[in-house]
Amino acid sequence: MRVLVVEDEQYMARVLEIGLRREAIAADVVHDGATALERVTVYDYDAVILDRDLPGVHGDEVCRRIVAMDIGCRILMLTAAGRLGDKVEGLGLGADDYLAKPFDFPELVARLRALYRRSPMAHSPVLTFADVRLDTHRRRVTRADTEIRLTPKELAVLELLMRAEGGVLSAEYLLDKAWDAHTDPFTNAVRLVVHTLRKKLGEPRLVQTAISAGYYLGTE
């Protein structure tokens, strides 16, 4: 899952960025509405966490324009304007969800994942392939009922592969969905994460390589 955080308050933006990454959610951060609109035309975000009171292009206008783009990106408004009328107004602009500050971080993550499940590619929160089971809520992976400890990036890559249901995902796609915009596009990070993921999942190997195409789950 890849998220764009649009928050002009620097400290809050940093807290969100760090917290989301710890939850295996790739997070890019911008601090104004104009930059947010540029980013959503370049990157394929699953969701935008949007403050309303932004400098330059107001958050309400950002919401309207993203909705008009019809790019399938969910919008969660996160703002200090927490009165019922504010929430009604925000949802009326096209936002998919509305959370007032101050907020509990676990609730924010839960709402993001709920929005993700409502996307066209949504699946059950519990994914299975062969004898591997991934609980996307608890971030818990088991194989043959034995728990496997994965890093956030390994979890993110495994979830993408499981959601693809055997389809081949290119390294570029995995990099785009599981890493943030600061990542070097020529990095070998995907190959390294896939390598460690294979080792941790054990035998028989499940993460397969499609030569010159990418990676997929299969039992050979």
Side-chain angles (χ1 to χ4, degrees), residues 1-10 12-17 19-21 23-101 103 105 107-123 125 136 156 159-160 163-164 167 169-170 172-183 185:
M1 185 178 186
R2 187 168 181 178
V3 171
L4 176 65
V5 177
V6 190
E7 169 62 63
D8 65 322
E9 207 285 306
Q10 301 277 336
M12 174 62 72
R14 183 60 177 158
V15 167
L16 289 169
E17 180 181 22
L20 291 171
R21 289 178 178 174
E23 294 290 332
I25 298 173
D28 294 336
V29 174
V30 298
H31 304 293
D32 63 87
T35 306
L37 290 170
E38 291 176 3
R39 287 292 184 91
V40 296
T41 63
V42 175
Y43 298 103
D44 182 19
Y45 292 108
D46 298 296
V48 175
I49 298 176
L50 179 64
D51 188 15
R52 291 187 74 176
D53 190 17
L54 294 172
V57 183
H58 193 273
D60 290 357
E61 182 61 21
V62 173
C63 182
R64 290 190 191 96
R65 294 191 194 179
I66 293 176
V67 171
M69 291 176 190
D70 194 24
I71 54 178
C73 178
R74 305 295 184 179
I75 300 172
L76 189 158
M77 281 191 168
L78 183 65
T79 173
R83 296 175 302 176
L84 177 59
D86 296 319
K87 295 179 181 180
V88 171
E89 184 179 20
L91 294 171
L93 293 168
D96 298 279
D97 201 355
Y98 196 108
L99 185 60
K101 301 173 184 176
F103 61 94
F105 195 80
E107 181 182 2
L108 171 66
V109 172
R111 286 172 180 256
L112 278 177
R113 290 189 173 137
L115 291 178
Y116 189 46
R117 292 196 301 273
R118 286 161 47 189
S119 70
M121 298 298 291
H123 288 250
T136 61
E159 181 175 348
L160 288 166
R163 290 188 183 280
L169 301 181
S170 68
E172 292 78 12
Y173 178 84
L174 293 172
L175 192 68
D176 183 63
K177 300 298 285 186
W179 277 261
D180 58 55
H182 299 292
T183 305

### Query
What closest approach, in Å, do Ala156 and Ala24 show between heavy atoms, and which atom pair accounts for it?
CB-O, 3.9 Å

### Task
Provide the closest heavy-atom pair for Arg39 versus Asp28 in the form atom of the first, atom of the second, distance.
NH1-CB, 3.8 Å

### Task
Mind checking salt bridge (Lys or Arg N to Asp or Glu O under 4.0 Å) for Glu23 and listing every partner two or more places apart, or none if nothing turns up?
Arg113

## Note on the structure
Between the OG1 atom in Thr41 and the CD1 atom in Ile71, the distance rounded to the nearest 0.5 Å is 8.0 Å

#### Entry: Side chain to side chain, Val6 and Val48, heavy atoms closer than 4.5 Å
yes

### Task
Work out which heavy atom in His58 is nearest to a heavy atom in Asp53; give both atom names and the distance.
NE2-CA, 4.1 Å

### Message
Using only atom types and a distance under 3.5 Å, with no angle test, would you say the side chain of Lys177 pairs donor to acceptor with the backbone of Ala26?
### Response
no

### Under the salt bridge (Lys or Arg N to Asp or Glu O under 4.0 Å) test, residues paired with Asp32 that sit two or more places apart
none

### With Glu89 via salt bridge (Lys or Arg N to Asp or Glu O under 4.0 Å) - residues at least two apart
Arg52

### Message
Once rounded to the nearest 0.5 Å, what's the spacing between atom CD of Glu61 and atom CG of Leu37?
### Response
8.0 Å

### Query
Do you know which two heavy atoms are closest between Val29 and Ala13, and how far apart they sit?
CG1-CB, 3.7 Å

### Task
Identify the residue among Ile25, Asp176, Leu20 that makes a side-chain contact (heavy atoms from CB on, under 4.5 Å) with Arg2.
Asp176

### Query
With sequence neighbours excluded, what pairs up with Gln10 under the side chain to side chain contact (heavy atoms under 4.5 Å, CB included) test?
His31

### Query
Got Met77 and Asp86 here, is their nearest side-chain heavy-atom distance under 4.5 Å?
no

### Query
Are the side chains of Leu16 and Leu108 in touch, meaning some heavy atoms are under 4.5 Å apart?
yes

### Task
Quick one: closest heavy-atom pair of Ala178 and Leu160, and the distance?
CB-CD1, 4.1 Å

#### Entry: Any side-chain heavy-atom pair of Arg163 and Thr136 under 4.5 Å
yes

### Query
How long is the span from the CG atom in Asp51 to the CG atom in Leu78, to the nearest 0.5 Å?
7.0 Å

### Summary
Leu4 and Tyr45 have their tightest heavy-atom pair at N-CD2, 3.6 Å

### Task
For Asp8, enumerate each residue passing the salt bridge (Lys or Arg N to Asp or Glu O under 4.0 Å) test, keeping only those at least two apart in sequence or located in another chain.
none

### Tyr116 OH to Asp46 CG distance, which is reported to the nearest 0.5 Å
5.0 Å

### Message
Within this structure, what is the SG-CG distance for the pair Cys63 and Leu54, rounded to the nearest 0.5 Å?
### Response
11.0 Å

## Note on the structure
Applying side chain to side chain contact (heavy atoms under 4.5 Å, CB included) to Ala47 and not counting sequence neighbours gives Met1, Val3, Arg74, Leu112

## Note on the structure
Residues passing the side chain to side chain contact (heavy atoms under 4.5 Å, CB included) test with Glu9, sequence neighbours excluded, are Glu7, Tyr11, Met12

### Reported CZ-to-CG distance for the pair Arg111 and Leu76, which is rounded to 0.5 angstrom
7.0 Å

### Query
Are the side chains of Thr79 and Phe103 in touch, meaning some heavy atoms are under 4.5 Å apart?
no

#### Entry: Qualifying residues under side chain to side chain contact (heavy atoms under 4.5 Å, CB included), relative to Ala110, sequence neighbours excluded
none

## Note on the structure
Partner of Leu93 under side-chain contact (heavy atoms from CB on, under 4.5 Å), picked from Ile75, Asp60, Val62, Ile66, is Asp60

